[in-house]
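Single-structure report; data block below.
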Amino acid sequence: MRYFNLIVLSLVAFGMAPKSFANPKTFLWGAALSAHQTEGAFEGGENGDWWEYEHSHENGVSPIAGGDTADFAVDHWHRYSEDYEIAQKLGLNTLRTSVAWEKIEPSPHVFSSQVMAHYRAQFQRMRELGIRPMITLHHFTHPRWFHQRGGWLSPESPELFLEYAQYVVKNLGDLCDLWITFNEPMLFVIMGYLKGEIPPGETGLDSAYEAAYQIARAHRKVAAMIHEVQGASPKAKGEDGVLRGVGLANALPIYDPYNPRNLRDVEAAVKVADLSNWAFLKGIQAGRLKFDLPEGIPGVHGFDRVLPAEDLPPWPTGPAMDWIGVNYYTRYLIRYNEQSLLKVEWVTPPGPHGDNGWAIYPAGLERILRESAARFGLPLVVTENGLADAQDSRRLGFLKEHLRFMDSAILGSNLGGPLDVRGYYHWSLMDNFEWLHGYQYRFGLVEVQYEKGLRRVPRPSAEGYRAEIHGRK
Ligand code: IFM
């Protein structure tokens with residue numbers, strides 16, 4: 001292995017990097033989107049929890065910056081074909097997006113064949129253009145009825161989610177064999193069930209633990225179902241180099257100690273990374289969900305519960321995950337602080353950052369890929385990486401640097417041997433509705449001109465991404 005690394009490193013040093021750093025024909029070059037952020041509320045969006053939230057005004061104040069709503073978003077519902085044609089021109093061979101549960105299942109056990117026909121047409125168009133879909137089943141939004149029945153605190157929630165997922169896989173399975181069950185499940189749990197900052201607005205440690213547990217169950221049930229329908233690993237792992245199967249897209253920032261020479265900061269950073277990045281995934285893989293919180297803080301306790309084995313029988317349902325989706329954007333410094341909740345404080349490192357304040361730290365992509373590989377031993381996909389940059393003055397540099405560190409992960413570097421990375425999805429193909437921040441942050445390779453009828457205008461960075469992809473083929 002060391003010799004291999006040396007050879008690769010010297011080839012890179014002399015500008016002779018192997019052109020096909022991965023399986024060049026099967027490497028997934030894509031961009032990511034989500035339904036609620038792009039589609040608009042057409043055909044049933046008003047059945048959703050976010051629709052309700054965006055239209056709620058406590059004391060006349062909207063919970064969304066600028067009073068924005070996703071009622072029209074960027075009208076991807078009607079303009080998907082135009083968007084996919086742009087993606088094709090950029091040289092993308094895949095796109096990641098989600099489908100809206102609230103539109104597909106507007107009331108319990110009632111599915112909309114009209115909405116499904118729309119999604120079929122959408123994904124068929126993608127295929128016609130030579131673009132492989134990666135479909136996310138849950139990207140933060142829910143039907144309102146789901147919360148009326150207890151949401152993720154209810155023990156029936158995994159079955160309800162499975163029923164919806166079965167309907168989607170039955171109807172779209174001939175067009176898609178790359179599935180994500182949940183986007184950023186721990187971020188969703190923290191914001192929706194611990195801090196109450198997004199729907200359903202629950203607060204408290206116990207509700208967060210319960211929601212994480214039911215979501216972990218839901219993931220395992222859906223992974224088993226998809227494997228039964230479409231085949232389990234090793235096929236899913238891609239004997240032919242083509243990635244298939246099921247993963248989760250996880251928010252995986254780098255957490256470093258504020259002061260690497262302060263043992264308390266070092267321990268705090270390890271703890272935060274474990275809770276936010278790894279505990280949930282470890283639980284899904286091991287069948288036992290465990291959160292260790294620091295001892296001795298009033299009202300704070302840990303969690304340790306076995307996930308029912310019958311959710312994921314050993315055969316033919318395959319493993320709980322075929323690959324790990326890595327959403328990587330930024331790095332935080334963690335400082336021990338006696339006064340703060342959980343005795344830790346998040347600090348944004350100084351230096352370059354996006355319009356939304358997130359620090360730019362490209363080396364972190366290689367580090368997080370290496371840590372994910374070491375922990376789970378599974379193929380990896382960068383399911384999101386991008387920058388809020390309305391001027392498009394830093395996006396291309398950001399992209400090139402992150403790709404350089406992804407190359408190092410794939411080729412091997414002084415940090416370790418070559419890793420099995422199967423794809424890169426830039427967030428996002430085009431500007432869209434950025435949740436609590438409305439439309440103020442621009443993540444798109446393609447600008448959406450909101451004041452000019454949602455006209456799509458590729459930014460210079462889009463051409464830069466095309467060239468980067470081309471250079472690696
Ligand atoms: O827009 C979001 C996306 O929905 C989930 N990951 C982070 C993106 C940028 O904030």
For this session: Would you please name every residue forming a ring pair (Phe, Tyr, Trp, His ring centres under 6.0 Å) with Tyr329, sequence neighbours left out?
Result: Trp358
Problem set entry | Heavy-atom side-chain proximity of Leu248 to Pro185 below 4.5 angstrom | yes
Problem set entry | Within-4.5 Å side-chain heavy-atom neighbours: Pro253 and Asn277 | yes
Exercise. What about the rings of Phe182 and Phe161, do their centers lie closer together than 6.0 Å?
Worked result: yes
Problem set entry | Where His118 and Trp77 come nearest, the two heavy atoms and their spacing | CE1-O, 2.9 Å
For this session: Answer yes when Asp322 and Arg244 have at least one side-chain N-carboxylate O distance shorter than 4.0 Å, and no when they do not.
Result: no
Problem set entry | Listed partners of Ser276 passing side chain to side chain donor-acceptor pair (under 3.5 Å), at least two apart | Tyr255
For this session: Determine, using ring centers only, whether His138 and Phe188 are less than 6.0 Å apart.
Result: yes
Exercise. Hey, would you say the Trp427 and Tyr425 ring centroids sit under 6.0 Å apart?
Worked result: no
Problem set entry | Carboxylate-amine/guanidinium proximity below 4.0 Å for Glu159 and Lys221 | yes
For this session: Return the orientation label for the Tyr80 and His76 ring planes: parallel under 30°, perpendicular over 60°, tilted otherwise.
Result: perpendicular
For this session: Answer with yes or no after comparing the ring centroid distance for Trp152 and Tyr213 against a 6.0 Å cut-off, counting only values under it.
Result: no
For this session: I would like to know whether Ser112 and Tyr119 meet side chain to side chain contact (heavy atoms under 4.5 Å, CB included); could you show each step before the answer?
Result: CA-CA 11 Å; Ser112 166; Tyr119 281 128; over 6 Å; no
For this session: With salt bridge (charged side-chain N to carboxylate O under 4.0 Å, His left out) as the test, would you mind laying out the steps for Lys282 and Asp274 before giving the verdict?
Result: CA-CA 10 Å; Lys282 273 196 273 184; Asp274 188 57; 3.0 Å; yes
Exercise. Taking only residues two or more places apart in sequence or in another chain, which ones pass salt bridge (charged side-chain N to carboxylate O under 4.0 Å, His left out) with Glu371?
Worked result: Arg375
Exercise. So, His426 side chain and Asn385 main chain: donor-acceptor pair closer than 3.5 Å or not?
Worked result: yes
Exercise. Got a second to check how far Leu281's CG is from Phe376's CZ, nearest 0.5 Å?
Worked result: 4.5 Å
Problem set entry | Qualifying side-chain hydrogen bond (donor to acceptor under 3.5 Å, both in side chains) pairs with a residue from residues 53-64, counting only residues at least two apart or across chains | His36-Glu54, His55-Asp71
Seminar exercise, completed: For Gly283 and Leu307 the tightest heavy-atom approach is O-CD1, 3.3 Å
Problem set entry | Ionic contact status for Asp174 with Arg120, cut-off 4.0 Å | yes
Exercise. Testing Thr317, Val246, Val168 for side chain to side chain contact (heavy atoms under 4.5 Å, CB included) with Ile226, which one passes?
Worked result: Val246
For this session: Take Ile254 and Tyr328 through the test side chain to side chain contact (heavy atoms under 4.5 Å, CB included) and record every step on the way to the result.
Result: CA-CA 8 Å; Ile254 293 282; Tyr328 174 72; 3.8 Å; yes
Problem set entry | side-chain hydrogen bond (donor to acceptor under 3.5 Å, both in side chains): pairs with one or both residues in residues 126-136, sequence neighbours excluded | Arg96-Thr136, Arg125-Glu128, Arg132-Asp177
For this session: Quick one: do Asp83 and Arg456 satisfy salt bridge (charged side-chain N to carboxylate O under 4.0 Å, His left out)? Show the steps, please.
Result: CA-CA 8 Å; Asp83 294 335; Arg456 275 60 169 159; 2.8 Å; yes
Problem set entry | Side chain Arg472, main chain Glu468, donor-acceptor under 3.5 Å | yes
Exercise. Got Arg149 and Pro108 here, is their nearest side-chain heavy-atom distance under 4.5 Å?
Worked result: yes
For this session: Kindly indicate, with the supporting measurements, whether the criterion salt bridge (charged side-chain N to carboxylate O under 4.0 Å, His left out) is fulfilled by Arg305 and Glu210.
Result: CA-CA 10 Å; Arg305 206 190 291 165; Glu210 195 58 38; 2.9 Å; yes
Exercise. Which residues satisfy the side chain to side chain contact (heavy atoms under 4.5 Å, CB included) test with Asp68, sequence neighbours excluded?
Worked result: Ile64, Phe433, Tyr439
